[in-house]
Amino acid sequence: WQPLLVWGFFGLLLWLWHIPSMYEAALQNRAIHDLQHVAFLVAACLFWRVLIDPISRLRLHPGISVLYIFAACLQCGAMGAFMAFSPLIWYDTYQVTAPVWGVDPLSDQQVAGFIMWMPACFIYSIAAAVIFGRWLHYSNSLDTVSR
């Protein structure tokens, strides 16, 4: 349950599964696709467990928690930005499937990148704000008691 190890595992999986050959393999093979999603689920559960562990003595300090979330947001945001601003289509499959829906493949990828970048990072920001707010509230409560 090492936070740096969990954070590294979380980030590594994000980047590995978005390598075009890995992503395409998941699109073409149901078992690989299932493995991809199980890997994402396990990594996410481990990631959030570090922050919301029911045994409070194992939780990260709130200040470290905010940095932990921020660092994860950077991973997701960077991936989304690279995808959104790439002049090349990353995944060949979408060159065939996107036009069926009346969407340009590059535009489809750009929208996916912006979704990964903006709304996903917004969720991380909300979590960080809640943790930071609780930390401030708790700190103020301690100050009031000590006076």
Side-chain angles (χ1 to χ4, degrees), residues 1-140:
W1 302 126
Q2 297 297 318
L4 287 176
L5 185 63
V6 170
W7 180 87
F9 178 65
F10 182 79
L12 181 67
L13 282 179
L14 173 72
W15 289 94
L16 280 177
W17 282 111
H18 283 86
I19 293 171
S21 60
M22 296 284 286
Y23 193 90
E24 289 286 344
L27 289 175
Q28 303 303 322
N29 184 302
R30 178 68 180 194
I32 295 173
H33 188 238
D34 291 346
L35 175 65
Q36 177 189 46
H37 285 276
V38 167
F40 282 144
L41 179 64
V42 168
C45 288
L46 290 172
F47 176 85
W48 290 104
R49 180 217 152 269
V50 168
L51 296 167
I52 58 175
D53 193 292
I55 303 171
S56 62
R57 65 182 172 81
L58 296 178
R59 273 189 228 144
L60 289 175
H61 182 276
I64 301 298
S65 294
V66 170
L67 291 174
Y68 181 80
I69 292 170
F70 176 72
C73 183
L74 287 177
Q75 294 279 346
C76 192
M79 172 68 70
F82 290 150
M83 189 179 288
F85 292 115
S86 175
L88 305 172
I89 298 169
W90 289 9
Y91 310 115
D92 293 336
T93 299
Y94 294 122
Q95 291 196 46
V96 175
T97 59
V100 171
W101 295 93
V103 179
D104 172 64
L106 189 56
S107 297
D108 182 53
Q109 176 178 294
Q110 291 167 337
V111 169
F114 281 114
I115 289 171
M116 181 179 265
W117 183 9
M118 299 298 175
C121 285
F122 183 68
I123 292 168
Y124 287 121
S125 299
I126 289 171
V130 167
I131 291 169
F132 188 72
R134 290 179 69 197
W135 182 28
L136 287 178
H137 177 74
Y138 179 73
S139 296
N140 287 336

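Numbering of residues begins at 1 and proceeds along the displayed sequence. Below, each value reflects all heavy atoms present in this structure, side chains not excepted, and no hydrogens, waters or symmetry copies.
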Could you walk me through whether Gln28 and Thr93 pass side-chain contact (heavy atoms from CB on, under 4.5 Å), step by step? CA-CA 9 Å; Gln28 303 303 322; Thr93 299; 3.1 Å; yes

Tyr94 vs Val103, side-chain contact (heavy atoms from CB on, under 4.5 Å): CA-CA, chis, key distance, verdict: CA-CA 10 Å; Tyr94 294 122; Val103 179; over 6 Å; no

Evaluate the side-chain contact (heavy atoms from CB on, under 4.5 Å) criterion for residues Met22 and Trp15: first the C-alpha distance (whole Å), next the side-chain angles of each, then the deciding distance (0.1 Å), finally the verdict. CA-CA 10 Å; Met22 296 284 286; Trp15 289 94; over 6 Å; no

Are Leu16 and Ile19 close enough, and set up right, to give a side-chain contact (heavy atoms from CB on, under 4.5 Å), and what steps lead you there? CA-CA 5 Å; Leu16 280 177; Ile19 293 171; 3.8 Å; yes

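Taking all atoms of both residues into account, the shortest heavy-atom contact from Ala43 to Leu13 is CB-CD1, 3.6 Å. Pro87 approaches Leu106 most closely through the heavy-atom pair O-CD2, 3.8 Å. When all heavy atoms of Ser86 and Gln109 are compared, the pair lying nearest together is CB-NE2, 3.7 Å.
For Gln95 (side chain) and Pro105 (main-chain N/O), no donor-acceptor pair under 3.5 Å exists by modelled atom type. Put simply, the side chain of His137 never gets that close to the backbone of Gly133: no donor and acceptor are under 3.5 Å apart.
Residues Ile131 and Arg134 have side chains not in contact (no heavy-atom distance under 4.5 Å, counting atoms from C-beta outward). The side-chain heavy atoms of Phe9 and Leu5, taken from C-beta on, include no pair separated by under 4.5 Å. Counting heavy atoms from C-beta on, the side chains of Gln75 and Tyr124 never come closer than 4.5 Å.
Rounded to the nearest 0.5 angstrom, Leu41 CG and Leu46 CG are separated by 9.5 Å. Considering SG of Cys45 and CD1 of Ile52, their distance stands at 9.0 Å, rounded to 0.5 Å. Atoms CD and CD1, on Gln110 and Ile89 in that order, are 9.5 Å from each other to the nearest 0.5 Å. Between the CE atom of Met83 and the CE atom of Met116 there is a distance of 5.0 Å, given to the nearest 0.5 Å.
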Less than 3.5 Å apart, which donor and acceptor atoms pair up between the side chains of residues 63-74 and the rest of the protein, not counting sequence neighbours?
from: Ser65; atom 1: OG; to: His61; atom 2: O; distance (Å): 3.1
from: Tyr68; atom 1: OH; to: Phe47; atom 2: O; distance (Å): 3.4

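Within 6.0 Å of the CZ atom in Phe40, the count of heavy atoms belonging to other residues, nucleotides or ligands exceeds 12.
A distance below 6.0 Å separates the ring centres of Phe114 and Trp117.
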